[in-house]
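Written out below as structure tokens is the structure these notes cover.
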Amino acid sequence: MKTLKIAIQKSGRLNEKSVELLKNCGLSFDNYKSSLISPVSNFPLEILFLRDDDIPEYVQDGIADLGIVGENMIQETEVDVNYLQRLGFGKCTLKIAVPNNSNFQTLTDLQGKSIATSYPAILGKFLKENNIQSDIRMISGSVEISPGLGLSDAIFDIVSTGGTLKSNGLKPFADVMSSEAILIGNKNIENQDLIEELIARIQSVLRAKETKYVVLNVAKANLPQVIELLPGVKSPSVVPLAEEDWVAVHTVIPERDFWDKISKLKQAGAQGIVVMPIEKIIV
Ligand code: ATP
Ligand code: MG
């Protein structure tokens with residue numbers, strides 16, 4: 001049987017979450033930073049640790065079958081790969097930012113101006129779509145300092161909290177793309193079965209992350225109101241308690257509804273609410 005290869009970031013913002021995801025899929029491997037390849041002992045898979053810049057091309061060229069990388073890098077490298085699964089981490093936005101004291105009002109004010117960026121392909125495409133011609137200046141790091149140094153009129157970069165922009169006297173001007181980590185695959189799919197098995201495991205981990213396991217006690221008289229609040233995977237389990245007029249209800253609820261649901265459950269008569277994380281949900 002062929003061994004699959006998956007490329008993940010060696011160190012940086014996506015490394016820890018990528019390793020955690022694969023470990024939560026039950027894969028057993030050493031995360032030694034000094035090595036480029038780590039074999040998985042309980043699945044026919046090898047993990048390649050790479051710079052994130054290289055991951056899209058490695059997957060496109062079939063050196064790795066799969067990769068975990070930010071959507072921004074996939075778009076920037078303009079590779080032809082399959083998008084297999086959005087992973088929900090590494091979220092960020094790529095924005096154009098301008099100096100606080102500049103009087104840029106609309107996108108067309110960028111016409112003929114210079115913009116420094118590490119993402120010339122994404123920026124070039126965006127400007128073209130908006131019929132704007134600017135001078136794109138490729139800079140590989142610390143893009144934010146370039147207007148202050150007189151190197152450019154604006155910048156285009158990843159912005160998360162905006163703190164770095166602020167400390168460099170810049171303000172957000174236009175959102176161009178939002179990004180998150182994505183599982184990508186080579187276009188010529190070999191080992192379809194293994195890849196599907198891995199995707200199924202990843203999906204069960206992602207589903208579990210979005211959901212909490214809840215156990216609560218309720219008087220039988222209040223059970224209908226409580227059940228109405230709980231959609232569950234199918235329907236909640238109702239378990240008898242030693243105290244005759246009471247039951248325990250076991251169910252799962254989506255993380256996003258969590259606080260809203262818990263206060264409504266309390267109002268409906270739920271007591272002793274215990275909330276637990278879920279490791280995996282296999283459907
Ligand atoms: P490498 O050494 O692998 O080339 P890098 O320095 O280019 O790493 P990182 O800063 O580790 O890259 O970011 C990796 C990815 O994490 C980004 O391409 C982006 O998809 C994502 N990301 C999420 N939030 C942020 C953020 N606040 N700043 C930068 N990148 C972010
Ligand atoms: Mg990089």
Side-chain angles (χ1 to χ4, degrees), residues 5-24 29 31-38 46-61 63-64 66-98 115-126 136-147 152 154-185 202 206 209:
K5 291 192 177 69
I6 184 166
I8 67 172
Q9 195 188 22
K10 186 174 171 68
S11 63
R13 290 173 198 268
L14 301 180
N15 166 268
E16 208 175 299
K17 288 271 172 63
S18 305
V19 167
E20 183 188 300
L21 176 65
L22 296 178
K23 295 229 156 150
N24 286 340
F29 58 93
N31 184 24
Y32 25 75
K33 300 261 175 194
S34 56
S35 146
L36 184 67
I37 299 190
S38 205
E46 281 173 346
I47 299 173
L48 310 187
F49 295 97
L50 301 174
R51 296 263 334 250
D52 73 340
D53 310 57
D54 299 331
I55 294 174
E57 270 142 13
Y58 268 55
V59 173
Q60 174 182 256
D61 300 346
I63 296 161
L66 301 167
I68 294 178
V69 70
E71 196 175 2
N72 54 322
M73 290 313 301
I74 308 169
Q75 303 255 333
E76 181 58 31
T77 48
E78 299 179 309
V79 288
D80 192 17
V81 294
N82 287 333
Y83 275 47
L84 299 177
Q85 178 69 48
R86 307 188 81 80
L87 299 173
F89 62 85
K91 290 192 174 172
C92 57
T93 310
L94 284 85
K95 301 186 188 202
I96 296 173
V98 297
I115 309 175
T117 187
S118 318
Y119 297 96
I122 297 173
L123 178 62
K125 193 161 165 252
F126 174 79
I136 298 177
R137 306 222 163 140
M138 169 66 190
I139 294 185
S140 57
S142 306
V143 169
E144 313 81 18
I145 60 168
S146 79
S152 70
I155 66 155
F156 171 62
D157 202 5
I158 291 178
V159 176
S160 44
T161 60
T164 316
L165 289 186
K166 227 181 204 162
S167 56
N168 285 283
L170 301 170
K171 59 182 179 189
F173 181 65
D175 288 10
V176 174
M177 84 170 275
S178 50
S179 174
E180 69 182 283
I182 307 226
L183 176 74
I184 52 172
I202 288 175
L206 296 176
K209 248 205 186 117

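Values in this document were obtained by computation on a predicted structure and should not be read as measured data. Each ligand, and each atom within it, is numbered from 1 in the order the structure gives.
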Among all protein heavy atoms, pick out the one at the shortest distance from [atom]; state its residue, atom name and that distance to 0.1 Å.
atom: atom 7 (O) of ligand 1; answer: D52 OD1, 3.2 Å
atom: atom 21 (C) of ligand 1; answer: G90 O, 3.9 Å
atom: atom 27 (N) of ligand 1; answer: S160 OG, 2.8 Å
atom: atom 2 (O) of ligand 1; answer: R51 NE, 3.1 Å
atom: atom 22 (N) of ligand 1; answer: C92 SG, 3.7 Å
atom: atom 6 (O) of ligand 1; answer: Q9 NE2, 4.9 Å

Donor on one side chain, acceptor on other, D157 and Y119, under 3.5 Å: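 No donor-acceptor contact under 3.5 Å links the two side chains.
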
S146 versus S152, side-chain donor and acceptor atoms under 3.5 Å: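 There is such a pair (donor and acceptor under 3.5 Å, judged by atom type) between the side chains of S152 and S146.
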
K91 near ligand 1 by a heavy-atom separation under 4.0 Å: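 Right, K91 reaches ligand 1.
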
Approximate separation, where rounding is to 0.5 Å, of L48 CG and L36 CG: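 Between L48 CG and L36 CG, I get 6.0 Å after rounding to 0.5 Å.
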
Euclidean distance, I184 CD1 relative to I55 CD1, rounded to 0.5 Å: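 Rounded to the nearest 0.5 Å, the CD1-CD1 separation comes out at 7.5 Å.
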
Evaluating non-hydrogen atoms only, which member of [options] is closest to [atom]?
atom: atom 28 (N) of ligand 1; options: K10, E76, M73, R13; value: R13
atom: atom 18 (O) of ligand 1; options: N72, I158, I74, N15; value: N72
atom: atom 16 (O) of ligand 1; options: V159, T161, L14; value: L14

Got a donor-acceptor contact below 3.5 angstrom from the [X] side chain to the [Y] backbone?
X: E76; Y: I122; answer: yes
X: D54; Y: L50; answer: no
X: E180; Y: G88; answer: yes

Those atoms of ligand 1 less than 4.0 Å from some heavy atom in G12: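 Answer for ligand 1: 11 (O).
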
Proximal atoms of ligand 1 relative to G70 (non-hydrogen, under 4.0 Å):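 Per the distance check, 20 (O).
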
Geometric cation-pi criterion, K23 with F29: 6.0 Å, 45°: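 Verdict for F29: a cation-pi partner in K23.
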
Residues K125, E78: salt bridge by 4.0 Å N-O rule: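 Looking at E78 together with K125, the answer is no, because their closest N to O distance does not fall below 4.0 Å.
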
D52: its N/O/S atom lying closest to the Mg ion (ligand 2) (atom name):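 Result: OD1.
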
Which N, O or S atom of D53 lies nearest to the Mg ion (ligand 2), by name: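 In D53, the N, O or S atom with the shortest distance to the Mg ion (ligand 2) is OD1.
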
More than 12 heavy atoms from other groups under 6.0 Å of NZ on K209: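 Yes, enclosed.
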
Any protein heavy atom < 4.0 Å from atom 13 (O) of ligand 1: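 It does; a protein heavy atom is within 4.0 Å.
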
